[in-house]
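Just below is one structure, and these are the notes that go with it.
All figures in this text were calculated on a predicted structure; none of them were measured in a lab.
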Amino acid sequence: MASVLKLYNAALIRRPMFTQCATAAFLFGAGDVIAQQGVEKKGWDHDFARTARLTFYGGCFFGPAMTKWYQFLNKIKFASPTRAIIYRVWLDQAVLTPAAVTFFFGSMSVLEGKPQEAIPRIQAAYVPTLIRNWGVFVPTQIINFSIVPHHLRFVVVSVVSLFWNTYLSIANARTKQEQESLEAVKQSELGEVKKEIKEIKDAVIGEVKG
């Protein structure tokens with residue numbers, strides 16, 4: 001185990017972008033598997049396309065963006081260690097996180113082939129997700145920026161994100177189901193209205209002919 005960690009640490013230093021993207025892809029995929037099997041109890045009905053979307057998002061969107069973000073934060077110089085922690089946590093949670101939450105739900109809608117659902121899904125999930133994110137990641141990032149070496153900060157966030165990704169997968173799936181239910185209700189009501197209009201139209205035509 002120690003040798004594996006040593007090799008992983010060396011890979012983070014030599015090839016940070018590739019290693020962190022691969023880490024993010026694995027953990028996003030794993031979070032969805034936990035969500036589907038451990039929480040939703042899907043069993044053999046596992047949605048592999050959903051897992052693939054989350055894995056793709058982690059490796060191709062989240063991983064590169066977060067790698068560059070932490071490189072940026074680590075380069076900023078502050079007057080004191082305390083200020084460094086405060087401002088880095090503030091930048092991470094007040095600047096990056098709101099945009100990241102919006103991008104996640106929007107990109108999931110697009111990857112599912114339903115871009116028209118992006119705005120309603122963001123509106124439904126944005127506030128509760130953001131609040132829960134702060135509850136998890138504000139204390140995580142205080143510890144992260146205080147005692148963790150620069151090249152391991154992304155890893156710490158990624159490990160915590162394993163459980164957070166489970167929540168995101170469930171939240172996205174539930175919001176998607178709610179939107180589909182609302183759409184079904186709207187279509188049903190529209191069908192009833194059209195039926196009533198047709199009946200009235202037929203009755204009027206019948207009266208005129210009579």
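Of all non-hydrogen atoms in Q36 and T51, the two that sit nearest each other are NE2-OG1, 3.4 Å. Considering every non-hydrogen atom in both T102 and P98, the closest pair reads OG1-O, 3.0 Å.
Formation of a donor-acceptor pair under 3.5 Å by the Q20 side chain with backbone atoms of P64 is not found in this model. A donor-acceptor contact shorter than 3.5 Å links the side chain of N74 to the backbone of Y70. Using modelled atom types, one side-chain atom of S107 and one backbone atom of F104 make a donor-acceptor pair closer than 3.5 Å. With T97 contributing its side chain and D92 its backbone, the two residues share a donor-acceptor pair below 3.5 Å.
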Please step through side chain to side chain contact (heavy atoms under 4.5 Å, CB included) for the pair R88 and R153, ending with a clear verdict.
CA-CA 12 Å; R88 282 174 177 151; R153 287 173 180 170; 4.0 Å; yes
Assess whether side chain to side chain contact (heavy atoms under 4.5 Å, CB included) is satisfied between I85 and Q141, documenting all intermediate values.
CA-CA 8 Å; I85 295 168; Q141 292 294 54; over 6 Å; no
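Remark: D45 CG to Q37 CD distance equals 9.0 Å, nearest 0.5 Å. With values rounded to the nearest 0.5 angstrom, T67 atom OG1 is found 9.0 Å from L12 atom CG. Taken from OG in S109 to CD1 in I122, the straight-line distance is 6.5 Å, to the nearest 0.5 Å.
Under the rule for a side chain to side chain contact (heavy atoms under 4.5 Å, CB included), the partners of I76 that lie at least two apart in sequence or sit in another chain are F72, L73, F78, L91. For S161, the side chain to side chain contact (heavy atoms under 4.5 Å, CB included) partners at least two apart in sequence or on another chain are F137, V157, N165. For A125, the side chain to side chain contact (heavy atoms under 4.5 Å, CB included) partners two or more places apart in sequence, or in a different chain, are F105, T129, T175. Shown here are the salt bridge (Lys or Arg N to Asp or Glu O under 4.0 Å) partners of D32, two or more places apart in sequence or in another chain: R50. In this view, E112 and R53, M108, R121, N172, K176 satisfy the side chain to side chain contact (heavy atoms under 4.5 Å, CB included) rule, not counting sequence neighbours.
Sorted by first then second residue, the ring pair (Phe, Tyr, Trp, His ring centres under 6.0 Å) pairs that include residues 10-30, not counting sequence neighbours, are F28-Y57, F28-F62.
In terms of hydrophobic clustering, with Ile, Leu, Val, Met, Phe, Trp and Tyr side chains grouped at heavy-atom distances under 4.5 Å, V136 and V138 are assigned to a common cluster. Residues I13 and V148 are members of separate hydrophobic clusters, defined by side-chain heavy-atom contacts under 4.5 angstrom among Ile, Leu, Val, Met, Phe, Trp and Tyr. The hydrophobic clustering, which links ILVMFWY residues whose side-chain heavy atoms are closer than 4.5 Å, places L27 and M17 apart.
Counted by atom type alone, Q93 and N133 present one or more donor-acceptor pairs between their side chains at under 3.5 Å.
Within the 4.5 Å cutoff, the side chain of T23 has heavy atoms near those of the Y8 side chain. Between Q71 and W69, every side-chain heavy-atom pair lies at or beyond the 4.5 Å cut-off.
Counting non-hydrogen atoms of other residues, nucleotides and ligands closer than 6.0 Å to CZ of F61 gives a total above 12.
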